[in-house]
There are 2 protein chains.
Amino acid sequence: MKILLLDDHKILLDGLKFLILGQQEVDSVEAVSTVEEAMQKLESFRPELIVSDISVPKEGGIAFAKNVKSSFPGIKVIFLSMHEEPYMVKEALSTGAEGYVLKKAAHEELLKAIKEVAEGGMFFSAEIQKILIRRMAFPEDEKILTVREKEVLELIFEELSNKEIGERLFISERTVETHRKNLYTKTKTNTLVGLLKFALENNLISGLH
Amino acid sequence: MKILLLDDHKILLDGLKFLILGQQEVDSVEAVSTVEEAMQKLESFRPELIVSDISVPKEGGIAFAKNVKSSFPGIKVIFLSMHEEPYMVKEALSTGAEGYVLKKAAHEELLKAIKEVAEGGMFFSAEIQKILIRRMAFPEDEKILTVREKEVLELIFEELSNKEIGERLFISERTVETHRKNLYTKTKTNTLVGLLKFALENNLISGLH
DNA sequence: TTCCGCATCCGTACCAGTGGGTATTTTTTT
DNA sequence: AAAAAAATACCCACTGGTACGGATGCGGAA
């Protein structure tokens, strides 16, 4: 089996490559640190499995995985990430990836994931499984916001005042206040900070990082 | 030479240990993933050099380094971090660390840093050096936050009011207001949202779950 | 057709936080 | 011991957003 590794932290790459090559079922491992390199390697190297970080510069690992899955549906993907925020996990798994391993896990866990996925299965770190189960039990509290409310939310996080938001959206300051009120109600928060947290956890605002 | 490795990403740890052990001047390497473990190892293992991540859970690598430097001034410290925000770098180097290597660097760079620091020198990744030089040219009033200010910042993020923060820290509400004012000044922000963004970008606050 | 969600708008009282200060005590650094 | 930094506390005018109230029109679902 041939494996392609993608992570912009080169320091992790070298050690990881060595560890993975220690497995019998693995024939060769190529390691790259940008999405561009990865795309090139896809053609020449033809891996059966990709282990990718999520927070790679530019497009990011999720967009990369989407590309891979649509161009080469046969290739398996395992995410290797430090992020365990629900929205991240959701985005990642929506690409059709077969695994999600946290960077804080022991390396044996990644090896196990590789084995499992190579055999046609799936693998998720315990923390990720917990998230999946919770989502199952409490289905979607998240897309309850209307388009307009999301717009207002975005502008709140661009540090505009209600007045400025009103001017930007061509509505009265009063209306902005109402939207704001509704945002607090719907998100079950009652402070600006709480609202920000909610927005971040549910990936409702762009930017930041 | 004996080296202690601290990083909460265990996956990085195993590979790194192997790579470092390949060096002649290195006798043994111990790898731990929490600050508590690291403190224990300090007693029993007595390393001459520590390679530490900055964003380890709880206290964080910077507080850990401060402890180390005050209790064992002879021990050298190299930070291994993904962060290249000026604020982070400044705070890290204020501990008296001898090196700062980015995780995106090749592993050879870390090995070079270890060698250099072991011989009594210092080592910084190119990006970090650039920051240092720019700071030299523009003598930046940018101050780092005090312990108390960070405490207040944390509590702001726990959605406490100034009054509540005062009660929690046994100080007057007026004092909280002052700290808050200083936070805005030091971070060059003037809205709560701006402050939040600064804090998140420089991970000054423990994660939002 | 009726009903509901969405988006729009308004008033008023209230209060938490802002922004401009000043100033003392304690701790740390030099 | 002197100087600098940190932490503490206060005053006060002001503003932005909150918490109550309401209200209208419009389009799609039942």
Side-chain angles (χ1 to χ4, degrees), chain A residues 140-199 204-205, chain B residues 62-63 65-67 69-71 73 87 90-91 93-96 139-199 204:
Chain A
E140 308 300 324
D141 321 315
E142 57 191 51
K143 49 175 181 264
I144 50 177
L145 301 186
T146 68
V147 179
R148 203 51 156 178
E149 284 163 351
K150 279 183 201 163
E151 279 174 0
V152 172
L153 190 54
E154 281 269 1
L155 294 176
I156 288 174
F157 291 119
E158 284 178 26
E159 297 174 54
L160 304 188
S161 67
N162 283 350
K163 193 175 174 186
E164 290 169 321
I165 294 173
E167 284 162 9
R168 188 77 77 85
L169 299 179
F170 307 108
I171 56 178
S172 145
E173 198 180 335
R174 304 275 147 256
T175 312
V176 180
E177 281 170 18
T178 304
H179 286 311
R180 209 169 173 131
K181 214 192 313 183
N182 292 336
L183 280 169
Y184 283 128
T185 313
K186 286 188 177 180
T187 60
K188 297 187 197 71
T189 57
N190 47 14
T191 67
L192 186 52
V193 175
L195 189 59
L196 174 77
K197 285 182 182 172
F198 178 90
L204 291 170
I205 50 173
Chain B
I62 289 175
K66 271 205 186 93
N67 272 344
K69 283 289 184 182
S70 71
S71 310
Y87 178 84
K90 187 167 181 180
E91 220 182 19
L93 297 188
S94 75
T95 64
E140 286 306 326
D141 47 328
E142 191 177 286
K143 300 240 176 68
I144 55 181
L145 304 183
T146 66
V147 179
R148 202 53 155 176
E149 284 162 352
K150 279 184 207 160
E151 279 173 2
V152 172
L153 190 54
E154 280 271 1
L155 294 176
I156 290 175
F157 279 92
E158 284 177 27
E159 296 173 55
L160 303 190
S161 68
N162 283 349
K163 193 174 173 185
E164 290 169 321
I165 294 173
E167 283 162 9
R168 187 77 77 87
L169 299 179
F170 305 107
I171 56 178
S172 144
E173 196 180 337
R174 305 280 147 265
T175 310
V176 180
E177 282 170 14
T178 303
H179 285 311
R180 213 170 171 132
K181 257 184 284 191
N182 292 336
L183 281 169
Y184 282 126
T185 312
K186 287 188 176 179
T187 61
K188 296 191 194 74
T189 56
N190 47 14
T191 67
L192 185 52
V193 175
L195 188 60
L196 292 176
K197 285 181 182 171
F198 178 91
L204 292 168

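The sequence lines fix the lettering, A, B, ..., with proteins before strands; numbering per chain opens at 1.
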Distance in angstrom units between [X] [atom1] and [N] [atom2], rounded:
| X | N | atom1 | atom2 | answer |
| --- | --- | --- | --- | --- |
| N182(B) | dA6(D) | CG | C1' | 9 Å |
| R180(A) | dT8(C) | CZ | P | 16 Å |
| I156(B) | dT18(C) | CD1 | P | 8 Å |
| E173(A) | dC9(C) | CD | C1' | 12 Å |
| E151(A) | dA7(C) | CD | C1' | 11 Å |
| I165(A) | dG17(D) | CD1 | P | 7 Å |
| K186(A) | dG5(C) | NZ | P | 10 Å |
| L183(A) | dG17(D) | CG | P | 13 Å |

How sharply is the helix from dT1(C)-dA30(D) to dT30(C)-dA1(D) bent, taking the axes over five pairs at either end and rounding to 10 degrees?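 Result, rounded to 10 degrees: 60°.
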
Closest approach of L145(B) to Y87(B) (non-hydrogen atoms, all atoms of both residues):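 Nearest pair, atom of L145(B) first, then Y87(B): N-OH, 3.2 Å.
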
With a cut-off of less than 4.0 Å, is there a side-chain N or O of [X] near OP1 or OP2 of [N]?
| X | N | value |
| --- | --- | --- |
| T146(A) | dG5(C) | no |
| H179(B) | dA7(D) | no |
| T175(B) | dA9(D) | yes |
| R174(A) | dT8(C) | no |
| Y184(B) | dG19(C) | no |
| R148(B) | dT8(D) | yes |

Give a yes or no answer on whether the side chain of [X] reaches the backbone of [Y] with a donor-acceptor pair at less than 3.5 Å.
| X | Y | answer |
| --- | --- | --- |
| T187(B) | L183(B) | yes |
| K197(B) | F157(A) | yes |
| T95(B) | E91(B) | no |

Could you please name the option among [options] that lies closest to any side-chain atom of [X]?
| X | options | result |
| --- | --- | --- |
| S172(B) | dC6(C), dC9(C), dA9(D) | dA9(D) |
| S161(A) | dT18(D), dG16(D), dA9(D) | dG16(D) |
| N162(B) | dG21(D), dG17(C), dG20(C) | dG17(C) |
| K181(B) | dC9(C), dG21(C), dA7(D) | dG21(C) |

Most 5' of L192(A) and T178(A) on DNA chain D, judged by nearest nucleotide: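 Checking each residue's closest nucleotide, the 5'-ward one belongs to L192(A).
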
Both I171(B) and E177(B) contact DNA chain D. Which one's nearest nucleotide lies toward the 5' end?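 Comparing both residues, the 5'-ward one is I171(B).
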
Heavy-atom donor-acceptor pair, K163(A) side-chain to dG16(D) base, under 3.5 Å: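 Flag unset: no donor-acceptor pair detected.
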
CG of N162(B) to CD of E167(B): how many Å apart, nearest 0.5 Å?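 Those atoms lie 11.5 Å apart.
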
What residue among V193(B), L192(B), T189(B) forms side-chain contact (heavy atoms from CB on, under 4.5 Å) with E159(A)?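 Of the listed residues V193(B), L192(B), T189(B), the side-chain contact (heavy atoms from CB on, under 4.5 Å) partner of E159(A) is V193(B).
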
Using 4.0 Å as the upper bound for N to carboxylate O, is an ion pair formed by E151(B) and R168(B)?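 No, this pair does not count.
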
What I want to find out is whether E173(B) reaches R180(B) closely enough, with some N-O distance under 4.0 Å, to be called a salt bridge.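 The answer is no: the pair does not qualify as a salt bridge.
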
Report the residue (L169(A) or N190(B)) whose heavy-atom-nearest nucleotide on DNA chain C is the more 5′ of the two.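 First, find each residue's nearest nucleotide; the 5'-ward one identifies L169(A).
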
